[in-house]
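Sequence lines set the chain letters: A, B, ... in the order given, protein chains first and strands last, and positions in each chain run from 1.
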Amino acid sequence: MPLKVYNSYTRTKEVFTPITPGHAGMYVCGPTVSGESHLGHARPYITFDFIYRYLTYKGYKVRYVRNITDAGHFEEEGKEAEDKVSKKAILEKLEPMELVQKYTNLFHWAMLQFNCVEPSIEPTATGHIVEQISMIEKIIAEGYAYEVNGSVYFDLKKYAATHDYGKLSGRVMDDLLETTRELDGQQEKRDKADFALWKSAALEHIMRWKSPWGEGFPGWHIECSAMATKYLGAEFDIHGGGMDLQFPHHESEIAQSTICNHHTPAKYWIHNNMITINGKKMGKSYNNVIKLTEMFSGNHPLLTQAFSPMTVRFFILQSHYRSPVDFSSEALLASEKALKRLWEAYEVLKKLPVGLNEEAADAALNSKVVQWLNEFDEFMDDDFSTAKILANMFELAPVINGIKDGHIAPGALAATTLVLLQQQFKTYLEDIFGLTHTTGADDNTLQGVMQLLIDIRKEAKIRKDYSTSDKIRKQLATIGIELKDEKDGSMSWNK
RNA sequence: GGUCCUGUGGCCGAGUGGCUAGGCAAAGCUCUGCAAAAGCUUCUACAGCAGUUCGAAUCUGCUCGGGACCUCCA
């Protein structure tokens, strides 16, 4: 079955055909480490994590490059161009690199919480100044950039005359010339829409590098182009990022790389939609940011409780990556419960004994189960429809529980079907969706203690000493261990 | 103002022109010492108006609402 992905560049679903058979190169715009990661950041990195995992599952050897932007952003503040990192560093009284390290560490910590696989290469902008400078030199040599007062700008008008600038973001060049806001250095540009490749550094600027045009720092867009080119080549398979990066970031990347490498950089552009909060995009300018640390601790006015990283991950998986997702405590709570239910079914499934019956006693149920399972790949191949797979899993959960509880005969499903069921759940929940849960089952000490408590409780129940049996169950619940009486008189527990 | 997306049951969310998405919440029942869990059942929606069609949540038009981008942004 071929994998189909929605390509933002062509606005259609296309069959994924990698440039080099068996290999896939993917570049995803990483975070700007001038602040703490928030819930909004969770979306792209979880999205591209399951995309990465799925490509790997499909047998591709994937090179996943995700950068760290630790230099070079411009921000209008009054009339001066500023470097975001430098500015924050002054505020926090830290060395710029100290600040960058701090937020990089926090970002890595968050990714670990979300169980995101580390990228193959995680290049930093500051580590690739040389590459960026040489790329700018090439663009100048090609005649598409010009230097003014130590800054270098991309000549957009010249580019747009022969290239389709605005195709990715659906923009018309003439509109851009009218609407582009006044930015610092506007008067030295040939055209308002021209963007900076290199920016001359004012005296107070801390982060600065020597260049053929004097001391300065790189423009925002050039870093991604330079690093993507270096590690993935002039043309690579997938370029990903949030939808809000389409313009101007990705549009500009296309322009730079096309001139420099004589080739459009990426074959497929994949963009995830935003997380909104009460219908509004989460962002500093809206003052509605929930940091990930706040998410996990529940320490935020908009949160009624703490939500675990896996709940957030599951929440994101429950909707399509190209749909906007509206956050609320209520929605998160629903996800938390849903995940718990699904995971418990999965734990049950792992323990179901596989019989030897080749034939299914219940042929209708068997074929339905097989169909639901086969649809997993089908849905994923159709532009990563994770929500539909989860829906199927919830169809299967009653079947699993039914077998355990005896509502469904043990031989209802063929042995091969049960094995397939176990495999698919493991593959999708753990390997592709990247969900984890520590049950405590791997902790031998805890196992022993629990067995002891279960034995005591069983004895109490036989004596009809319900105050003791209830006490054990209640006390365990307060420390987060749930004890269940099974239908056959046994007891099970989970953390 | 320009460009584009979107409006699904109490809430969150899938959705191909015709066939029950799913989850959460709620109600009833079964099981159980009690509970939890689980199972079964119920709740059948598609902003409004008009059109195309044998048939539309799905296509077209208009109206109303929400959002994104146009500026740093995941």
For atom [atom1] of [X], is the number of surrounding heavy atoms from other residues, nucleotides or ligands below 6.0 Å larger than 12?
X	atom1	answer
A:Lys167	NZ	yes
A:Lys368	NZ	no
A:Lys4	NZ	no
A:Lys484	NZ	yes

By the 4.0 Å heavy-atom rule, please label [X] as base, sugar-phosphate, or nothing.
X	answer
A:Met282	base
A:Met274	base
A:Gly40	base
A:Glu336	nothing
A:Ser469	base
A:Lys404	nothing

When the [atom1] atoms of [N] and [M] are considered, how many whole Å apart are they?
N	M	atom1	value
B:rG48	B:rA56	C1'	16 Å
B:rC11	B:rU60	C1'	32 Å
B:rC5	B:rG61	P	11 Å
B:rU58	B:rA21	C1'	15 Å
B:rU8	B:rG23	C1'	15 Å
B:rA35	B:rG28	P	13 Å
B:rU20	B:rG2	P	44 Å
B:rC24	B:rA38	P	8 Å

Integer-rounded Å distance: [N] [atom2] and [X] [atom1]:
X	N	atom1	atom2	result
A:Glu223	B:rC72	CD	P	14 Å
A:Ile275	B:rG13	CD1	P	11 Å
A:Asp383	B:rU16	CG	P	12 Å
A:Leu317	B:rA14	CG	P	12 Å
A:Met380	B:rA14	CE	P	15 Å
A:Lys192	B:rU71	NZ	P	10 Å
A:Leu483	B:rA37	CG	P	14 Å
A:Leu396	B:rA21	CG	P	18 Å

Identify, with sequence neighbours excluded, every residue that meets side-chain contact (heavy atoms from CB on, under 4.5 Å) alongside A:Glu378. A:Met1, A:Glu375
Distance below 4.0 Å between A:His407 side-chain N/O and B:rG39 OP1 or OP2: no
Strictly below 4.0 Å, N to O, side chains only: are [X] and [Y] in salt-bridge contact?
X	Y	answer
A:Glu336	A:Lys340	no
A:Asp383	A:Lys13	no
A:Asp470	A:Arg473	yes

Side chain of [X] - closest among [options]:
X	options	result
A:Lys388	B:rG33, B:rA68, B:rA14	B:rA14
A:Asn401	B:rC12, B:rA38, B:rA14	B:rA38
A:Asp470	B:rG67, B:rC70, B:rG33	B:rG33
A:His38	B:rA74, B:rC12, B:rA36	B:rA74
A:His320	B:rC70, B:rA74, B:rA14	B:rA14

Find which nucleotide of RNA chain B each of A:Ser385 and A:Gly283 is nearest to by heavy atoms, and output the residue with the more 5' nucleotide.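 With A:Ser385 and A:Gly283 compared, the 5'-side residue is A:Ser385.
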More 5' along RNA chain B: A:Gly242 or A:Ser319, using each one's nearest nucleotide? A:Ser319
What pattern of brackets, bars and dots sums up RNA chain B from 5' to 3', given Watson-Crick or G-U wobble pairs under 3.5 Å, [ ] for crossing pairs and | for another strand? (((((((..(((.....[...))).(((((.......)))))....(((((..]....))))))))))))....
Examine the base of B:rC34 for any acceptor or donor lying under 3.5 Å from a partner atom in the side chain of A:Arg473, and report the outcome as yes or no. yes
Examine the base of B:rC34 for any acceptor or donor lying under 3.5 Å from a partner atom in the side chain of A:Asp485, and report the outcome as yes or no.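 Indeed there is one.
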Report each atom pair, protein N/O against N/O of nucleotides 23-29 of chain B, whose distance is under 3.5 angstrom.
residue: B:rA25; atom: OP1; partner: A:Lys337; partner atom: NZ; Å: 2.9

Expected list for residues 486-495 of chain A near RNA chain B, using heavy atoms below 4.0 Å, is A:Lys487
Residue pairs fulfilling side-chain hydrogen bond (donor to acceptor under 3.5 Å, both in side chains) with at least one residue in residues 325-334 of chain A, sequence neighbours excluded: A:Thr276-A:Asp326, A:Thr304-A:Ser329
Is the distance between the ring centroids of A:Phe296 and A:Trp109 under 6.0 Å? yes
Are A:Tyr159 and A:Phe154 close enough that their ring centres sit under 6.0 Å apart?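 Between A:Phe154 and A:Tyr159, which both carry aromatic rings, the centre distance is below 6.0 Å.
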Do A:Cys29 and A:His250 have side-chain heavy atoms sitting under 4.5 Å apart?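 They are in side-chain contact.
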A:Ser34 versus A:Thr32, side-chain donor and acceptor atoms under 3.5 Å: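 No.
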Verify whether one side chain among A:Tyr153 and A:Lys199 offers a donor that lies under 3.5 Å from an acceptor in the other. yes
Please name all residues satisfying salt bridge (charged side-chain N to carboxylate O under 4.0 Å, His left out) with A:Arg11, sequence neighbours left out, ordered by chain then number.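 For A:Arg11 there are no salt bridge (charged side-chain N to carboxylate O under 4.0 Å, His left out) partners, ignoring immediate neighbours.
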